[in-house]
**Q** 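Dumping the structure here so I can ask a few things about it.
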Amino acid sequence: MALTSTTPAPTSTDRLNSILARAADAAGIWAETTPQERATVLLSVADQLDSAADELIETAHEETHLSQARLRGELKRTTFQLRLFGEVLEEGSYLDARIDHADPIWGMGPRPEIRRTLEPLGPVLVFSASNFPFAFSVAGGDTASALAAGCPVIVKAHSGHPRLSERTGDVVAAALAHAGAPTGLFDVIFGTQAGRDALLDPRVKASSFTGSIPGGRALFDLANSRPDPIPFYGELGSVNPTFVTRAAAQKRSGQIVTDFVNSYTLGAGQFCTKPGILLVPAESDIPGRLAAAAHPAAAVLLNERIQSGYVEALQALSGHDDVEPLVLGPAAYENPPAPTLLHTTAARVLAEPEELLAECFGPAALVVSYEDESELLQIARIIDGQLTSTVHGEDDDDIAPQLIRLLARKSGRILWNQWPTGVSVTHAQQHGGPYPASTSVTSTSVGTASIFRFLRPVAYQGLPQHLLPGQLQDTNPLRIPRKIDGRLQNPDYKV
(Lines give C-alpha, C1' and ligand atoms only; values in the text may rest on other atoms or scores of the structure.)
Protein backbone atom coordinates (compact mmCIF):
# COMPACT_ATOMS: atom_id res chain seq x y z
CA MET A 1 0.00 0.00 0.00
CA ALA A 2 1.49 3.31 -1.05
CA LEU A 3 0.98 6.51 0.92
CA THR A 4 -1.63 8.82 -0.58
CA SER A 5 -3.51 11.89 0.60
CA THR A 6 -6.79 10.01 0.51
CA THR A 7 -8.36 8.10 3.37
CA PRO A 8 -8.01 4.31 3.00
CA ALA A 9 -11.23 2.60 2.00
CA PRO A 10 -12.99 0.27 4.46
CA THR A 11 -11.68 -3.26 4.26
CA SER A 12 -13.96 -5.44 2.15
CA THR A 13 -15.38 -8.73 3.36
CA ASP A 14 -13.31 -10.66 0.83
CA ARG A 15 -10.09 -8.95 1.85
CA LEU A 16 -10.84 -9.42 5.54
CA ASN A 17 -11.39 -13.14 5.00
CA SER A 18 -8.08 -13.34 3.17
CA ILE A 19 -6.30 -11.51 6.00
CA LEU A 20 -7.85 -13.77 8.62
CA ALA A 21 -6.95 -16.91 6.68
CA ARG A 22 -3.33 -15.82 6.34
CA ALA A 23 -3.15 -14.93 10.02
CA ALA A 24 -4.46 -18.38 10.95
CA ASP A 25 -1.84 -19.99 8.73
CA ALA A 26 0.93 -17.82 10.18
CA ALA A 27 -0.06 -18.61 13.77
CA GLY A 28 1.41 -22.10 13.79
CA ILE A 29 4.60 -21.03 12.04
CA TRP A 30 5.25 -18.01 14.27
CA ALA A 31 4.49 -19.96 17.44
CA GLU A 32 7.22 -22.43 16.55
CA THR A 33 9.93 -19.78 16.18
CA THR A 34 12.32 -19.42 19.08
CA PRO A 35 12.15 -16.41 21.38
CA GLN A 36 15.52 -15.30 20.05
CA GLU A 37 14.25 -15.42 16.46
CA ARG A 38 11.24 -13.32 17.37
CA ALA A 39 13.48 -10.83 19.17
CA THR A 40 15.50 -10.33 15.99
CA VAL A 41 12.31 -9.62 14.05
CA LEU A 42 11.07 -7.08 16.60
CA LEU A 43 14.39 -5.25 16.45
CA SER A 44 14.08 -5.09 12.68
CA VAL A 45 10.64 -3.50 12.96
CA ALA A 46 11.96 -0.93 15.45
CA ASP A 47 14.86 -0.04 13.17
CA GLN A 48 12.59 0.44 10.15
CA LEU A 49 10.19 2.64 12.09
CA ASP A 50 13.09 4.81 13.22
CA SER A 51 14.29 5.08 9.62
CA ALA A 52 10.85 6.26 8.49
CA ALA A 53 10.43 8.69 11.40
CA ASP A 54 10.35 11.97 9.48
CA GLU A 55 7.68 10.79 7.06
CA LEU A 56 5.55 9.16 9.75
CA ILE A 57 5.72 12.16 12.08
CA GLU A 58 4.71 14.56 9.34
CA THR A 59 1.67 12.46 8.49
CA ALA A 60 0.73 12.10 12.16
CA HIS A 61 1.01 15.87 12.65
CA GLU A 62 -1.32 16.51 9.72
CA GLU A 63 -3.97 14.09 10.98
CA THR A 64 -3.92 14.60 14.76
CA HIS A 65 -2.87 18.24 15.39
CA LEU A 66 -0.30 16.95 17.88
CA SER A 67 3.05 18.74 17.89
CA GLN A 68 5.97 17.20 16.07
CA ALA A 69 7.99 17.23 19.30
CA ARG A 70 5.29 15.24 21.08
CA LEU A 71 5.00 12.82 18.17
CA ARG A 72 8.75 12.33 17.92
CA GLY A 73 8.86 11.40 21.60
CA GLU A 74 5.95 9.03 21.16
CA LEU A 75 7.58 7.28 18.21
CA LYS A 76 10.71 6.86 20.34
CA ARG A 77 8.53 5.23 22.99
CA THR A 78 7.06 2.94 20.33
CA THR A 79 10.39 1.63 19.08
CA PHE A 80 11.67 1.38 22.66
CA GLN A 81 8.75 -0.92 23.46
CA LEU A 82 9.64 -3.20 20.57
CA ARG A 83 13.29 -3.39 21.63
CA LEU A 84 12.36 -3.95 25.27
CA PHE A 85 10.19 -6.92 24.32
CA GLY A 86 13.18 -8.21 22.38
CA GLU A 87 15.08 -8.21 25.67
CA VAL A 88 12.20 -10.02 27.37
CA LEU A 89 12.35 -12.73 24.72
CA GLU A 90 16.11 -13.10 25.04
CA GLU A 91 15.87 -13.48 28.83
CA GLY A 92 13.08 -16.05 28.61
CA SER A 93 11.49 -16.12 32.06
CA TYR A 94 8.20 -14.90 30.56
CA LEU A 95 7.61 -18.53 29.46
CA ASP A 96 7.13 -19.43 33.13
CA ALA A 97 8.62 -22.88 32.50
CA ARG A 98 7.98 -25.26 35.41
CA ILE A 99 9.15 -28.84 35.79
CA ASP A 100 7.87 -31.15 38.52
CA HIS A 101 9.60 -34.53 38.50
CA ALA A 102 7.71 -37.65 39.43
CA ASP A 103 7.73 -38.13 43.18
CA PRO A 104 6.44 -41.36 44.77
CA ILE A 105 6.39 -39.81 48.26
CA TRP A 106 4.72 -36.48 47.40
CA GLY A 107 2.71 -35.20 50.37
CA MET A 108 -0.73 -35.92 48.93
CA GLY A 109 0.30 -39.19 47.31
CA PRO A 110 2.54 -40.14 44.38
CA ARG A 111 2.72 -37.41 41.72
CA PRO A 112 3.47 -37.86 38.01
CA GLU A 113 6.02 -35.89 36.05
CA ILE A 114 4.40 -32.63 34.87
CA ARG A 115 6.00 -29.87 32.84
CA ARG A 116 4.18 -26.57 32.31
CA THR A 117 4.83 -23.53 30.14
CA LEU A 118 3.06 -20.64 28.43
CA GLU A 119 2.21 -20.81 24.73
CA PRO A 120 0.74 -18.31 22.22
CA LEU A 121 -3.03 -17.88 21.99
CA GLY A 122 -3.19 -17.34 18.22
CA PRO A 123 -4.21 -14.36 16.05
CA VAL A 124 -4.85 -11.17 18.03
CA LEU A 125 -7.08 -8.26 16.96
CA VAL A 126 -5.79 -4.88 18.15
CA PHE A 127 -8.09 -1.84 18.16
CA SER A 128 -5.94 1.28 17.86
CA ALA A 129 -6.29 4.33 20.11
CA SER A 130 -6.88 7.88 18.90
CA ASN A 131 -4.86 9.76 21.52
CA PHE A 132 -1.57 7.92 20.94
CA PRO A 133 -1.20 7.46 17.16
CA PHE A 134 2.11 5.61 17.58
CA ALA A 135 2.47 4.10 21.05
CA PHE A 136 -1.08 2.67 21.30
CA SER A 137 -1.76 2.22 17.63
CA VAL A 138 -0.55 0.14 14.68
CA ALA A 139 2.93 -0.63 16.02
CA GLY A 140 2.17 0.14 19.67
CA GLY A 141 2.42 -1.84 22.85
CA ASP A 142 -0.40 -4.28 22.07
CA THR A 143 1.16 -5.17 18.73
CA ALA A 144 4.63 -5.49 20.23
CA SER A 145 3.52 -7.70 23.12
CA ALA A 146 1.36 -9.94 20.92
CA LEU A 147 4.10 -10.45 18.34
CA ALA A 148 6.57 -11.13 21.14
CA ALA A 149 4.21 -13.71 22.62
CA GLY A 150 4.18 -15.54 19.29
CA CYS A 151 0.81 -14.34 17.96
CA PRO A 152 -0.09 -12.87 14.55
CA VAL A 153 -1.60 -9.39 14.77
CA ILE A 154 -4.46 -7.76 12.88
CA VAL A 155 -4.77 -4.05 13.68
CA LYS A 156 -8.07 -2.25 13.31
CA ALA A 157 -6.94 1.28 12.40
CA HIS A 158 -8.46 4.24 14.23
CA SER A 159 -10.52 6.64 12.14
CA GLY A 160 -8.65 9.58 13.68
CA HIS A 161 -5.40 8.83 11.83
CA PRO A 162 -6.10 6.48 8.91
CA ARG A 163 -3.30 7.60 6.58
CA LEU A 164 -0.73 7.28 9.35
CA SER A 165 -2.10 3.83 10.17
CA GLU A 166 -1.78 2.76 6.55
CA ARG A 167 1.77 4.01 6.20
CA THR A 168 2.89 2.61 9.57
CA GLY A 169 1.40 -0.71 8.52
CA ASP A 170 3.44 -0.59 5.32
CA VAL A 171 6.65 -0.01 7.26
CA VAL A 172 5.95 -2.80 9.73
CA ALA A 173 4.95 -5.26 7.00
CA ALA A 174 8.08 -4.50 4.99
CA ALA A 175 10.29 -4.94 8.05
CA LEU A 176 8.67 -8.28 8.87
CA ALA A 177 9.07 -9.54 5.31
CA HIS A 178 12.72 -8.44 5.21
CA ALA A 179 13.35 -10.29 8.49
CA GLY A 180 11.83 -13.49 7.11
CA ALA A 181 8.63 -13.49 9.17
CA PRO A 182 5.79 -15.64 7.80
CA THR A 183 3.24 -14.15 5.42
CA GLY A 184 0.08 -13.12 7.24
CA LEU A 185 1.81 -12.35 10.52
CA PHE A 186 0.63 -8.73 10.47
CA ASP A 187 -1.97 -6.64 8.68
CA VAL A 188 -4.10 -3.52 9.09
CA ILE A 189 -7.84 -3.29 8.47
CA PHE A 190 -10.10 -0.24 8.17
CA GLY A 191 -13.74 0.47 9.00
CA THR A 192 -16.11 -0.20 11.88
CA GLN A 193 -17.76 -3.17 10.20
CA ALA A 194 -14.45 -4.86 9.41
CA GLY A 195 -13.42 -4.52 13.06
CA ARG A 196 -16.69 -5.97 14.27
CA ASP A 197 -16.56 -8.87 11.80
CA ALA A 198 -12.96 -9.66 12.73
CA LEU A 199 -13.80 -9.67 16.44
CA LEU A 200 -16.53 -12.24 15.84
CA ASP A 201 -14.44 -14.45 13.56
CA PRO A 202 -13.41 -17.77 15.16
CA ARG A 203 -9.88 -17.41 13.82
CA VAL A 204 -9.27 -14.46 16.18
CA LYS A 205 -8.29 -15.73 19.64
CA ALA A 206 -7.92 -12.50 21.65
CA SER A 207 -8.44 -8.75 21.29
CA SER A 208 -7.27 -5.51 22.87
CA PHE A 209 -8.72 -2.00 22.88
CA THR A 210 -7.91 1.49 24.16
CA GLY A 211 -10.70 4.04 24.10
CA SER A 212 -14.03 5.09 25.55
CA ILE A 213 -16.22 3.19 28.01
CA PRO A 214 -19.19 2.88 25.61
CA GLY A 215 -17.06 1.74 22.68
CA GLY A 216 -14.97 -0.65 24.73
CA ARG A 217 -17.97 -2.12 26.52
CA ALA A 218 -19.76 -2.76 23.22
CA LEU A 219 -16.74 -4.65 21.88
CA PHE A 220 -16.28 -6.51 25.16
CA ASP A 221 -19.88 -7.69 24.98
CA LEU A 222 -19.36 -8.81 21.37
CA ALA A 223 -16.25 -10.78 22.32
CA ASN A 224 -18.21 -12.54 25.04
CA SER A 225 -21.24 -13.16 22.81
CA ARG A 226 -19.28 -15.44 20.49
CA PRO A 227 -19.93 -19.19 20.58
CA ASP A 228 -16.30 -19.33 21.73
CA PRO A 229 -15.81 -16.25 23.95
CA ILE A 230 -12.30 -14.83 23.82
CA PRO A 231 -10.20 -12.64 26.12
CA PHE A 232 -10.90 -8.95 25.49
CA TYR A 233 -8.43 -6.56 27.07
CA GLY A 234 -10.06 -3.15 27.08
CA GLU A 235 -8.60 -0.02 28.64
CA LEU A 236 -11.64 2.22 29.01
CA GLY A 237 -12.13 5.17 31.38
CA SER A 238 -10.67 6.73 34.53
CA VAL A 239 -10.88 10.03 36.41
CA ASN A 240 -7.60 9.34 38.26
CA PRO A 241 -8.45 11.07 41.55
CA THR A 242 -5.79 13.02 43.42
CA PHE A 243 -6.09 13.28 47.23
CA VAL A 244 -4.27 16.14 48.98
CA THR A 245 -3.94 15.84 52.75
CA ARG A 246 -4.08 18.83 55.06
CA ALA A 247 -0.39 18.57 55.87
CA ALA A 248 0.59 18.54 52.21
CA ALA A 249 -1.68 21.50 51.39
CA GLN A 250 -0.20 23.53 54.24
CA LYS A 251 3.38 22.75 53.29
CA ARG A 252 3.42 23.07 49.48
CA SER A 253 0.16 24.30 48.02
CA GLY A 254 1.97 26.41 45.44
CA GLN A 255 3.90 23.47 44.03
CA ILE A 256 0.79 21.29 44.02
CA VAL A 257 -1.10 23.92 42.01
CA THR A 258 1.66 24.34 39.44
CA ASP A 259 2.15 20.63 38.95
CA PHE A 260 -1.58 19.89 38.82
CA VAL A 261 -2.14 22.46 36.08
CA ASN A 262 0.73 21.00 34.08
CA SER A 263 -0.65 17.49 34.53
CA TYR A 264 -4.35 17.98 33.79
CA THR A 265 -3.63 20.12 30.70
CA LEU A 266 -0.86 17.90 29.31
CA GLY A 267 -1.73 16.92 25.75
CA ALA A 268 -4.88 19.09 26.04
CA GLY A 269 -6.15 16.72 28.72
CA GLN A 270 -6.28 13.81 26.29
CA PHE A 271 -4.27 11.35 28.38
CA CYS A 272 -6.09 8.41 29.94
CA THR A 273 -4.18 9.15 33.16
CA LYS A 274 -5.18 12.82 33.37
CA PRO A 275 -5.96 13.74 37.01
CA GLY A 276 -9.61 14.69 36.58
CA ILE A 277 -10.47 15.10 40.28
CA LEU A 278 -8.43 17.06 42.83
CA LEU A 279 -9.51 16.78 46.49
CA VAL A 280 -8.22 19.56 48.76
CA PRO A 281 -8.94 20.88 52.29
CA ALA A 282 -11.75 23.43 52.37
CA GLU A 283 -9.56 25.91 54.26
CA SER A 284 -6.61 25.67 51.85
CA ASP A 285 -5.64 28.34 49.35
CA ILE A 286 -5.39 25.81 46.52
CA PRO A 287 -8.71 26.70 44.79
CA GLY A 288 -7.80 30.40 44.84
CA ARG A 289 -4.32 29.71 43.54
CA LEU A 290 -5.76 27.56 40.76
CA ALA A 291 -8.18 30.33 39.74
CA ALA A 292 -5.24 32.73 39.43
CA ALA A 293 -2.77 30.29 37.92
CA ALA A 294 -1.41 30.64 34.41
CA HIS A 295 -2.86 28.05 32.06
CA PRO A 296 -1.63 26.97 28.63
CA ALA A 297 -3.34 28.23 25.52
CA ALA A 298 -6.26 26.38 24.01
CA ALA A 299 -5.30 23.44 21.80
CA VAL A 300 -7.27 21.68 19.09
CA LEU A 301 -8.43 18.25 20.21
CA LEU A 302 -7.60 15.12 18.27
CA ASN A 303 -10.80 14.89 16.27
CA GLU A 304 -14.40 16.08 16.12
CA ARG A 305 -15.73 13.03 17.95
CA ILE A 306 -13.51 13.77 20.96
CA GLN A 307 -14.38 17.48 20.78
CA SER A 308 -18.13 16.85 20.79
CA GLY A 309 -17.87 14.27 23.57
CA TYR A 310 -15.78 16.65 25.65
CA VAL A 311 -18.25 19.51 25.25
CA GLU A 312 -21.17 17.26 26.17
CA ALA A 313 -19.43 15.95 29.31
CA LEU A 314 -18.28 19.42 30.38
CA GLN A 315 -21.73 20.92 29.92
CA ALA A 316 -23.28 18.17 32.02
CA LEU A 317 -20.72 18.69 34.78
CA SER A 318 -20.75 22.49 34.81
CA GLY A 319 -24.55 22.59 34.75
CA HIS A 320 -24.85 20.50 37.89
CA ASP A 321 -26.13 21.96 41.15
CA ASP A 322 -23.38 23.18 43.50
CA VAL A 323 -20.71 23.08 40.78
CA GLU A 324 -19.10 26.48 40.23
CA PRO A 325 -16.42 27.65 37.80
CA LEU A 326 -12.87 28.30 38.95
CA VAL A 327 -11.44 28.71 35.47
CA LEU A 328 -14.13 28.89 32.79
CA GLY A 329 -13.51 31.29 29.94
CA PRO A 330 -15.69 32.05 26.90
CA ALA A 331 -13.64 29.57 24.84
CA ALA A 332 -14.26 26.63 27.19
CA TYR A 333 -16.63 24.96 24.74
CA GLU A 334 -15.00 26.10 21.52
CA ASN A 335 -12.66 24.18 19.24
CA PRO A 336 -9.94 24.57 20.41
CA PRO A 337 -11.26 24.50 24.00
CA ALA A 338 -9.57 26.53 26.70
CA PRO A 339 -8.54 24.70 29.90
CA THR A 340 -11.36 24.63 32.44
CA LEU A 341 -11.57 24.04 36.20
CA LEU A 342 -14.79 23.55 38.13
CA HIS A 343 -15.34 23.41 41.90
CA THR A 344 -17.67 21.59 44.28
CA THR A 345 -17.68 20.01 47.74
CA ALA A 346 -16.96 16.52 48.98
CA ALA A 347 -20.45 16.38 50.48
CA ARG A 348 -21.97 16.95 47.06
CA VAL A 349 -19.73 14.31 45.48
CA LEU A 350 -20.74 11.79 48.13
CA ALA A 351 -24.39 12.58 47.47
CA GLU A 352 -24.15 12.24 43.67
CA PRO A 353 -21.00 10.30 42.77
CA GLU A 354 -22.16 8.98 39.40
CA GLU A 355 -22.69 12.48 38.00
CA LEU A 356 -19.72 14.24 39.59
CA LEU A 357 -17.11 11.49 39.23
CA ALA A 358 -17.75 10.99 35.51
CA GLU A 359 -14.81 11.18 33.11
CA CYS A 360 -14.45 14.36 31.05
CA PHE A 361 -11.84 13.53 28.40
CA GLY A 362 -10.14 16.80 27.55
CA PRO A 363 -8.64 19.89 29.27
CA ALA A 364 -10.96 20.04 32.28
CA ALA A 365 -10.92 18.90 35.91
CA LEU A 366 -13.07 19.12 39.03
CA VAL A 367 -11.66 20.53 42.29
CA VAL A 368 -13.39 19.12 45.37
CA SER A 369 -13.12 20.76 48.80
CA TYR A 370 -13.48 18.57 51.89
CA GLU A 371 -14.23 19.64 55.47
CA ASP A 372 -12.68 16.64 57.22
CA GLU A 373 -10.07 14.15 56.06
CA SER A 374 -12.50 11.33 56.80
CA GLU A 375 -14.30 12.43 53.63
CA LEU A 376 -11.24 11.33 51.67
CA LEU A 377 -11.79 7.81 52.94
CA GLN A 378 -15.48 7.95 52.10
CA ILE A 379 -14.76 9.03 48.53
CA ALA A 380 -12.05 6.39 48.19
CA ARG A 381 -14.66 3.78 49.11
CA ILE A 382 -17.20 4.86 46.48
CA ILE A 383 -15.07 5.61 43.45
CA ASP A 384 -15.19 3.25 40.49
CA GLY A 385 -12.19 1.30 39.25
CA GLN A 386 -9.31 3.57 38.26
CA LEU A 387 -6.12 3.36 36.24
CA THR A 388 -4.41 5.52 38.86
CA SER A 389 -5.00 7.16 42.21
CA THR A 390 -2.63 9.75 43.65
CA VAL A 391 -1.98 10.90 47.21
CA HIS A 392 -0.11 14.09 48.04
CA GLY A 393 0.77 13.82 51.70
CA GLU A 394 3.45 13.76 54.34
CA ASP A 395 5.14 10.61 55.61
CA ASP A 396 3.61 11.04 59.06
CA ASP A 397 0.04 11.61 57.85
CA ASP A 398 -2.22 9.49 60.04
CA ILE A 399 -4.72 9.05 57.23
CA ALA A 400 -2.19 7.82 54.67
CA PRO A 401 -2.04 4.07 55.50
CA GLN A 402 -5.81 3.56 55.44
CA LEU A 403 -6.25 5.77 52.37
CA ILE A 404 -3.57 3.90 50.43
CA ARG A 405 -5.12 0.52 51.25
CA LEU A 406 -8.56 1.71 50.14
CA LEU A 407 -7.18 3.08 46.89
CA ALA A 408 -5.25 -0.13 46.21
CA ARG A 409 -8.61 -1.93 46.03
CA LYS A 410 -9.82 0.45 43.33
CA SER A 411 -6.72 1.30 41.29
CA GLY A 412 -4.05 -0.27 39.13
CA ARG A 413 -1.34 2.22 40.14
CA ILE A 414 -0.96 4.29 43.32
CA LEU A 415 1.25 7.40 43.26
CA TRP A 416 2.72 9.23 46.24
CA ASN A 417 3.64 12.91 45.75
CA GLN A 418 3.90 12.45 41.99
CA TRP A 419 1.52 12.89 39.03
CA PRO A 420 -0.09 10.15 36.95
CA THR A 421 0.40 11.55 33.44
CA GLY A 422 3.33 9.72 31.96
CA VAL A 423 3.19 5.92 32.01
CA SER A 424 6.74 4.63 31.81
CA VAL A 425 7.34 1.41 29.87
CA THR A 426 9.04 -0.79 32.47
CA HIS A 427 9.05 -4.32 33.82
CA ALA A 428 7.02 -3.33 36.91
CA GLN A 429 4.47 -1.02 35.26
CA GLN A 430 0.75 -1.64 35.73
CA HIS A 431 -1.68 0.13 33.40
CA GLY A 432 -5.15 -1.22 34.07
CA GLY A 433 -7.49 -1.56 36.99
CA PRO A 434 -10.94 -2.65 38.11
CA TYR A 435 -13.81 -1.91 35.72
CA PRO A 436 -14.40 0.58 34.12
CA ALA A 437 -10.68 1.34 34.04
CA SER A 438 -10.27 -1.94 32.17
CA THR A 439 -12.18 -5.09 31.32
CA SER A 440 -9.46 -7.37 32.69
CA VAL A 441 -8.35 -6.40 36.17
CA THR A 442 -5.53 -8.96 36.19
CA SER A 443 -3.65 -7.56 33.19
CA THR A 444 -1.71 -4.49 32.06
CA SER A 445 -1.54 -2.78 28.68
CA VAL A 446 1.83 -1.13 29.36
CA GLY A 447 5.10 -2.75 30.40
CA THR A 448 6.61 -6.13 29.80
CA ALA A 449 3.96 -7.96 31.86
CA SER A 450 1.49 -7.24 29.04
CA ILE A 451 2.95 -10.21 27.15
CA PHE A 452 1.01 -12.54 29.47
CA ARG A 453 -2.30 -11.40 27.99
CA PHE A 454 -1.55 -13.29 24.79
CA LEU A 455 -0.21 -16.51 26.30
CA ARG A 456 -1.97 -19.49 27.86
CA PRO A 457 -0.64 -22.27 30.09
CA VAL A 458 -0.18 -25.82 28.79
CA ALA A 459 0.97 -28.74 30.97
CA TYR A 460 2.70 -31.81 29.50
CA GLN A 461 2.50 -34.98 31.55
CA GLY A 462 4.81 -37.92 30.95
CA LEU A 463 5.97 -36.92 27.44
CA PRO A 464 9.37 -38.04 26.07
CA GLN A 465 12.02 -35.35 25.73
CA HIS A 466 11.86 -34.96 21.96
CA LEU A 467 8.13 -34.17 22.05
CA LEU A 468 8.48 -31.37 24.61
CA PRO A 469 8.88 -27.65 23.82
CA GLY A 470 12.51 -26.57 24.11
CA GLN A 471 11.91 -24.65 27.32
CA LEU A 472 10.80 -27.86 29.05
CA GLN A 473 13.52 -30.20 27.84
CA ASP A 474 16.12 -31.36 30.36
CA THR A 475 18.97 -29.80 28.40
CA ASN A 476 17.29 -26.35 28.42
CA PRO A 477 18.36 -25.46 24.85
CA LEU A 478 16.85 -21.98 25.15
CA ARG A 479 18.94 -21.31 28.26
CA ILE A 480 16.16 -19.64 30.23
CA PRO A 481 15.36 -19.51 33.96
CA ARG A 482 12.99 -22.29 35.04
CA LYS A 483 11.27 -23.46 38.20
CA ILE A 484 12.29 -27.07 38.87
CA ASP A 485 10.57 -28.96 41.67
CA GLY A 486 9.45 -25.66 43.12
CA ARG A 487 12.83 -23.91 43.03
CA LEU A 488 13.88 -21.25 40.55
CA GLN A 489 17.01 -22.34 38.66
CA ASN A 490 19.34 -20.24 36.54
CA PRO A 491 19.70 -20.83 32.78
CA ASP A 492 22.84 -22.95 33.16
CA TYR A 493 21.09 -25.50 35.36
CA LYS A 494 20.42 -28.79 33.58
CA VAL A 495 17.80 -31.22 34.82
**Q** Decide side-chain contact (heavy atoms from CB on, under 4.5 Å) for Val171 and Thr168; before the verdict, give the C-alpha distance in whole Å, the side-chain angles of both, and the deciding distance to 0.1 Å.
**A** CA-CA 5 Å; Val171 173; Thr168 304; 5.6 Å; no
**Q** Can you confirm whether Trp106 is buried at CH2, in the sense that more than 12 heavy atoms of other residues, nucleotides or ligands lie under 6.0 Å from that atom?
**A** no
**Q** If you measure from the Lys or Arg side-chain nitrogens to the Asp or Glu carboxylate oxygens, is any gap between Arg163 and Glu62 under 4.0 Å?
**A** yes
**Q** Mind telling me whether Tyr233 and Phe454 have parallel, tilted or perpendicular rings, with 30° and 60° as the class edges?
**A** perpendicular
**Q** Checking Thr273 side chain against Pro420 main chain: does a donor-acceptor pair fall under 3.5 Å?
**A** yes
**Q** Taking atom CG of Leu16 and atom CD of Gln193, what is their separation to the nearest 0.5 Å?
**A** 9.5 Å
**Q** Using every non-hydrogen atom in the two residues, find where Leu95 and Gln471 come nearest and quote the distance to one decimal.
**A** CD2-NE2, 3.8 Å
**Q** Which heavy-atom pair separates Leu71 from Pro133 by the least distance, and what is that distance?
**A** CD2-CG, 3.8 Å
**Q** Quick one: does any side-chain atom of Asn476 pair with a main-chain N or O of Ile480 as donor and acceptor, under 3.5 Å?
**A** yes
**Q** Check the pair Thr242, Trp419 against side-chain contact (heavy atoms from CB on, under 4.5 Å), reporting the backbone distance first and the verdict last.
**A** CA-CA 9 Å; Thr242 297; Trp419 295 93; 4.0 Å; yes
**Q** Nearest heavy-atom pair of Gly267 and Arg70: which atoms, and what distance?
**A** CA-NH1, 4.5 Å
**Q** So, for Leu89 and Ala148, which heavy atoms are closest and what is the spacing to 0.1 Å?
**A** CD2-O, 3.1 Å
**Q** Compare every heavy atom of Leu387 with every heavy atom of Ser238, then report the nearest pair and how far apart it is.
**A** OG-N, 2.9 Å
**Q** Looking at every heavy atom in both Ser208 and Arg453, which two are closest together, and how far apart are they?
**A** CB-NH1, 4.3 Å
**Q** Which label fits Phe132 and Phe136: parallel for a plane angle under 30°, tilted from 30 to 60°, or perpendicular past 60°?
**A** tilted
**Q** Counting only heavy atoms not in Arg405, do more than 12 sit closer than 6.0 Å to its CZ atom?
**A** no
**Q** Say you draw a straight line from CZ of Arg409 to CD1 of Ile404; how long is it, rounded to the nearest 0.5 Å?
**A** 12.5 Å
**Q** Kindly check if the number of other-residue, nucleotide or ligand heavy atoms within 6.0 Å of CD (Glu113) is above 12?
**A** yes
**Q** Donor-acceptor check, side chain of Ser207 to backbone of Phe232, threshold 3.5 angstrom: yes or no?
**A** no
